[in-house]
Amino acid sequence: MSSNFGIAIHGGAGTIVKMLLTEKMENEYQVKLKESLKAGFDVLNKGGASLEAVQAAIVVMEDSPLFNAGKGAVFTNEGTNEQDASIMCGKTLNCGAVAGVTKIKNPIRLVSIVMEKSEHVCLSGTGAERFAKMHKVDFADAEYFYTDRRWEQLQKAKKKEAVNGSDYSQLDHSDDTKHGTVGAVALDKDGNLVAATSSGGMTNKKFNRIGDSPIIGAGNYANNKTCAVSTTGHGEYFMRGVSAYDLSALMEYKNMNLKDASDEVIRKLGELGGTGGLIAIDSECNVVLPFNTSGMYRGYKLGDSSFEIGVYKD
Ligand code: ASP
């Protein structure tokens, strides 16, 4: 039986330092990351498809209030939760995405249906929700997504904005209030790579801002010839750098290996002034999880039994 399969996940990158995280919270994160990895790995281990594995892993994180996706999504300036998500299959280059949905319990379930059942790649707002209704996707009301922690983060961001007088400062991803986007990348026993990303975006975002998470090539990309990649961090920079596709392109056109190509992408992100990280897996089951912030919730579990969970830089 092939041991050349595995999954990697992230739960967001940002200012994640021991000082800001209680031991209890750190434990809670580790438990959820393990649960998410197990959910995805079990699918792959039984011979299931990477498409199912990434969804199983992400649903665990979307259902947890710890992460900025699904329950626990960050608040917009108007006090709403607008979620973005995407999924891509490396075999077919088929993909699906949604942007700015407010009522979908698990956006990652919806994007796979957009990919398979709609003639479009990306649906947004109320239109995406009408499509979701047609396909009997689970809905949730505003109370379901609400958490005190995220609400307080919005109040803090607004106060800071009142002092700084600038919208842009509110998009500073070095702030500890912004991280938490979730992502998963997987290679199954058939050699198929899939990437998925789901996010509430950034605290205090305005004007129906859409982040990198639903943008194929920026926050998410998969190609069986190269790798599957999901990003997290200050989305505007991942969009400007077309970072997820850039990683794949460096491998395809420059013949770079996954490690060198991903280091190059993070280097370029930093050069632009962006902060964040990514997870990626290639067709030989190599995994990388680089980031330029002080921490990134992350982990991987592979068919050869290697397993790791991480929070801080070292
Ligand atoms: N990349 C996401 C966005 O900009 C946020 C994050 O990853 O924390 O919407």
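The first residue of the sequence shown is numbered 1, and numbering continues consecutively from there. Just so it is clear, the structure is predicted and the values come from calculations on it, not from any experiment. We count ligands from 1, going down the list as the structure has it; atoms in each ligand are counted the same way.
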**Q** If the cut-off is 4.0 Å to any non-hydrogen atom of G211, which atoms of ligand 1 fall inside it?
**A** 9 (O)
**Q** Between H234 and ligand 1, is there a nitrogen or oxygen pair with a distance under 3.5 Å?
**A** no
**Q** Using a strict cut-off of less than 4.0 Å between a Lys/Arg side-chain nitrogen and an Asp/Glu carboxylate oxygen, indicate whether K18 and E26 qualify as a salt bridge.
**A**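 Salt bridge between K18 and E26, a charged N being under 4.0 Å from a carboxylate O: yes.
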**Q** Where's the contact between Q83 and ligand 1, heavy-atom distance under 4.0 Å: side chain, backbone, both or neither?
**A**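 Neither; no heavy atom under 4.0 Å.
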**Q** Are Y146 and F75 an aromatic pair, judged by ring center distance below 6.0 Å?
**A**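 Under 6.0 Å, so yes.
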**Q** For atom 8 (O) of ligand 1, which candidate among T197, T275, T181, T293 provides the closest heavy atom?
**A**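 Considering heavy atoms of T197, T275, T181, T293, the nearest to atom 8 (O) of ligand 1 sits in T181.
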**Q** Would S198 and E62 count as having a side-chain donor-acceptor pair, cut-off 3.5 Å?
**A**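 Judged by distance alone, the side chains do pair up.
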**Q** Restricting to ring pair (Phe, Tyr, Trp, His ring centres under 6.0 Å), what partner residues turn up for F238, sequence neighbours left out?
**A**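 So F238 forms no ring pair (Phe, Tyr, Trp, His ring centres under 6.0 Å) with any residue.
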**Q** Can E236 be said to touch ligand 1, with heavy atoms closer than 4.0 Å?
**A**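 So E236 does not count as touching ligand 1.
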**Q** Answer yes or no: is there an ion pair linking E236 with R240, defined by an N-O contact shorter than 4.0 Å?
**A**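 No.
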**Q** Is there a heavy atom of G233 sitting under 4.0 angstrom from any atom of ligand 1?
**A**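 The answer is yes: ligand 1 sits under 4.0 Å from a heavy atom of G233.
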**Q** Is a salt bridge present between E35 and K38, judged by a nitrogen-to-oxygen distance below 4.0 Å?
**A** no
**Q** Does any N or O atom in D212 lie less than 3.5 angstrom from one in ligand 1, N or O only?
**A**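 Indeed, backbone or side chain, D212 has an N or O that close.
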**Q** Does one side chain, of E129 or T102, offer a donor that lies under 3.5 Å from an acceptor on the other?
**A**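 Yes, because at least one side-chain N or O of E129 sits under 3.5 Å from a partner of the opposite role on T102.
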**Q** Looking only at distances, please establish whether an N/O atom of ligand 1 is found under 3.5 Å from an N/O atom of D84.
**A**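 Between D84 and ligand 1 (N or O atoms, distance only) the closest approach is not under 3.5 Å.
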**Q** N/O to N/O below 3.5 Å, does that happen between G235 and ligand 1?
**A** yes
